[in-house]
Amino acid sequence: MMKTIFINDLLKDELVGKEVSVKGWVYRKREFKDKIFIVLRDSTNIIQAIVRKEDVPREVWEKALEFQIEGSLEVKGILKKDPRAPTGYEIAVKDIVVYDYGQPFPIKGDEDIDTIQKLRHLWIRNRRFTATMKIKHSLLKHLRNWFIDGGWWEIHPPILVGNAAEETTTLFEVNYFGKKAYLSQSAQLYLEALIYSLEKVFSLTPSFRAEKSRTRRHLHEYWHFEIEAAWYHLEDLIKVTEESLKYAIEKTIEERKIELNMLGRDISYLKKVIEEPWISMKYKEAIDILQSKGVNIEYGQDLGADEERELTKDFEVPIFITYYPREMKAFYMYEIGDGTVKNFDLLAPEGYGEIIGGSEREWRYNILKKKIEEWGLNKLKVIIGDMEVGAYDWYLDLRKYGSIPHSGWGLGLERLLMWVAKLGHIRDTLPFPRLREGWLYP
Ligand code: 4AD
Ligand code: MG
């Protein structure tokens, strides 16, 4: 029978003294003389069930004895209030329906990371990870809602693509019926094609990066939330970023207090992020600050994880770093005469670093064409039938038929979650992270 009652539905005074039943898994089990305490868990919460030898038929007692941690069952009994129970209520068991007694659960809680990787399909049942998934769900839901309510259209770009959106060095190659294809690094170029009809668009897709670097914040596959808007300039983009993220974080705090507490996240800290204006500084200023802190970095060098940590660790709100030197960034960013581009990286505070990369796009045909040549991308070709065309011809075409200013960004959902939930490693933002180690297991 379908499950209709969840543990959270039972934690109510008006049900005290009534007969209840609930399905779930054994979270903890302890025997004490003629009592067996089973803490049951489901997707919503935990509740203690107590089996008293003198109150139940012998076969119910024997069933209770046989359960292993993570065994599955339905318990039936009378709901009581008990301040000593972990969630304040307790079920005095009358009957048990067995689904699976289970076998000794291979995870005890003190395993090293390699063991966990091998058992990840079981490890993900733990309560901290479940809380993390719920926080991720809320962040995405509210982010998406903010854009939908603001008149943005959700679109569905392809994952198998013929050309790079970002650096060609991080492409994953796929054999596409004997021809070379790639896994998408970003939906941006496709979003750009759609602003001419839908004006404000967003998408959520997996993005793939064959990054050489192994860090706490790099995945080979991550969930990419990207937006693109016609007529937007950099300033408009920055405004939308701050508003939408503040909204998503505020709603998530309201909805996921219990989960954030479970992870030990200080909510009052996150409240400052919502209440205070975010900081903006030019790349040049960021370099000056880093140099004044004794960091060994020159103008023109990229900010790596270490530099970003140094820059953000003393701040309590995110920082927009704007106007990077053109050579450091992708070919599609709008250039201003001084050798910089109209872009930003949004760095999360507390040392977390980049969570969004965005820019105003180069919409002037001649300049974009030159940049594509300068970046060597004009040499890349794709075959259509027996015709060979430049891989970026279609992208250039967008600048020929009613070109307009436009801007957009991409947010790494796992990066956002990592910061909001204050996690130490990005692998814990996904049930089955694609890392170099144990990469397809499970
Ligand atoms: O800065 P990136 O490379 O920018 C783009 O892909 C743009 N085309 C996006 C756009 O304008 N539509 O990536 C955007 C974000 C980063 O800020 C980061 O949050 C995340 O994607 N990201 C990663 N997350 C996890 N693991 C990786 N290897 C990531 N690479 C990028
Ligand atoms: Mg970036």
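The analysis underlying the following values was restricted to heavy atoms, covering all of them including side chains, and did not include hydrogens, waters or symmetry mates. Residue numbers count from 1 along this sequence. Counting convention: from 1, in listed order, for ligands and their atoms alike.
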Enquirer: Evaluate ring-ring contact (aromatic ring centres under 6.0 Å, His included) for Tyr101 paired with Phe67, printing each intermediate quantity in order.
Expert: CA-CA 5 Å; Tyr101 286 120; Phe67 270 102; 4.9 Å; yes
Enquirer: Do any N or O atoms from the side chain of Ser407 and from the backbone of Leu237 form a donor-acceptor pair under 3.5 angstrom?
Expert: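 No; judged by distance alone, with no hydrogens or angles, the pair does not exist.
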Enquirer: Could you tell me whether some N/O pair between Ile426 and ligand 1 is separated by less than 3.5 angstrom?
Expert: no
Enquirer: If you look at Glu354, which of its N/O/S atoms is nearest to the Mg ion (ligand 2)?
Expert: OE2
Enquirer: Report the nearest protein non-hydrogen atom to atom 29 (C) of ligand 1: residue, atom name, distance rounded to 0.1 Å.
Expert: Tyr222 CE2, 3.4 Å
Enquirer: Looking at Lys200, His406, Glu199, which one forms a side-chain contact (heavy atoms from CB on, under 4.5 Å) with Trp231?
Expert: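 Of Lys200, His406, Glu199, side-chain contact (heavy atoms from CB on, under 4.5 Å) with Trp231 is met by Glu199 alone.
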Enquirer: Assess Arg217 for proximity to ligand 1: is some non-hydrogen atom of it under 4.0 Å away?
Expert: yes
Enquirer: What about Gln185: any of its N or O atoms under 3.5 Å from an N or O on ligand 1?
Expert: no
Enquirer: Decide whether a cation-pi geometry holds between Arg125 and Phe105; the criteria are a distance under 6.0 Å from NZ or CZ to the six-membered ring centre and an angle within 45° of the ring axis.
Expert: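 Judged by the rule (NZ or CZ under 6.0 Å from the ring centre, within 45° of its axis), Arg125 is not positioned above Phe105.
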Enquirer: Do any N/O/S atoms of Glu166 come under 2.8 Å of the Mg ion (ligand 2)?
Expert: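 It does not: Glu166 brings no N, O or S atom closer than 2.8 Å to the Mg ion (ligand 2).
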Enquirer: Check each atom of ligand 1 against the heavy atoms of Ile356 and keep those under 4.0 Å away; list them by number with element.
Expert: 17 (O)
Enquirer: Does the ring center of Trp375 lie less than 6.0 Å from the ring center of Phe331?
Expert: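 For Trp375 and Phe331, the ring centres are not under 6.0 Å apart.
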Enquirer: Who gets closest to atom 10 (C) of ligand 1 by heavy atom: Gly410, Ala330, Gly408, Ala210?
Expert: Gly410
Enquirer: Which of the atoms of ligand 1 are close to Tyr332, meaning less than 4.0 Å from one of its heavy atoms?
Expert: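 Answer, ordered by atom number: 7 (C), 8 (N).
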Enquirer: Compute the shortest N/O to N/O distance between Glu228 and ligand 1 and return yes if it is under 3.5 Å, no if not.
Expert: no
Enquirer: Name the option, out of Arg209, Glu211, His224, that contains the heavy atom nearest to atom 3 (O) of ligand 1.
Expert: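 Among Arg209, Glu211, His224, the closest heavy atom to atom 3 (O) of ligand 1 belongs to Arg209.
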Enquirer: Side-chain contact test, heavy atoms from C-beta onward, threshold under 4.5 Å: evaluate it for Leu204 versus Arg144 and give yes or no.
Expert: yes
Enquirer: Tell me whether Leu219 has any N or O atom under 3.5 angstrom from an N or O of ligand 1.
Expert: yes
Enquirer: Phe225 and Phe147: aromatic ring centres closer than 6.0 Å?
Expert: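 Aromatic pair counts; centres sit under 6.0 Å.
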Enquirer: Decide whether an N or O pair under 3.5 Å exists between His218 and ligand 1.
Expert: no
Enquirer: I'd like to know if Glu414 contacts ligand 1, where contact means a heavy-atom distance under 4.0 Å to any ligand atom.
Expert: no
Enquirer: Return yes or no for this condition: an N or O of Gly412 is under 3.5 Å from an N or O of ligand 1.
Expert: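 N/O-N/O distance below 3.5 Å exists for this pair.
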Enquirer: Taking Glu70 first and then Arg41, would you say they form a salt bridge - that is, a charged N and a carboxylate O separated by under 4.0 Å?
Expert: yes
Enquirer: By number and element, which atoms of ligand 1 are closer than 4.0 Å to a non-hydrogen atom of Arg361?
Expert: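 Here the atoms of ligand 1 in question are 10 (C), 11 (O), 12 (N).
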Enquirer: Hey, are the side chains of Glu350 and Phe315 touching, using non-hydrogen atoms and a 4.5 Å cut-off?
Expert: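 No, their side chains stay 4.5 Å or more apart.
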Enquirer: For atom 12 (N) of ligand 1, what is the nearest protein heavy atom, given as residue, atom name and distance?
Expert: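 Looking only at protein heavy atoms, the one closest to atom 12 (N) of ligand 1 is Glu226 OE2, 2.8 Å.
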Enquirer: Tell me whether the centres of the aromatic rings in Tyr283 and Tyr299 are closer together than 6.0 Å.
Expert: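 Ring-ring flag for Tyr283/Tyr299: true, centres closer than 6.0 Å.
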Enquirer: Write out the residue and atom name of the closest protein heavy atom to atom 16 (C) of ligand 1, then the distance separating them to 0.1 Å.
Expert: Glu354 OE2, 3.2 Å
Enquirer: Would you say the ring centers of Trp153 and Phe202 fall short of 6.0 Å from each other?
Expert: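 No; Phe202 has its ring centre 6.0 Å or more from that of Trp153.
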Enquirer: Which residue and atom name correspond to the protein heavy atom nearest atom 19 (O) of ligand 1, and how close is it?
Expert: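 The protein heavy atom lying closest is Ile355 O, 2.8 Å.
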Enquirer: Tell me: protein heavy atom nearest atom 5 (C) of ligand 1, and distance?
Expert: Glu166 OE2, 3.3 Å
Enquirer: Would a 4.5 Å heavy-atom cut-off, applied to side chains only, mark Tyr392 and Leu189 as touching?
Expert: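 SC-SC contact between Tyr392 and Leu189 confirmed.
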Enquirer: Out of Arg415, Lys329, Met418, indicate the one that has the non-hydrogen atom closest to atom 18 (C) of ligand 1.
Expert: Arg415
Enquirer: Going by heavy atoms in the side chains, are Ile46 and Leu40 under 4.5 Å from each other?
Expert: no
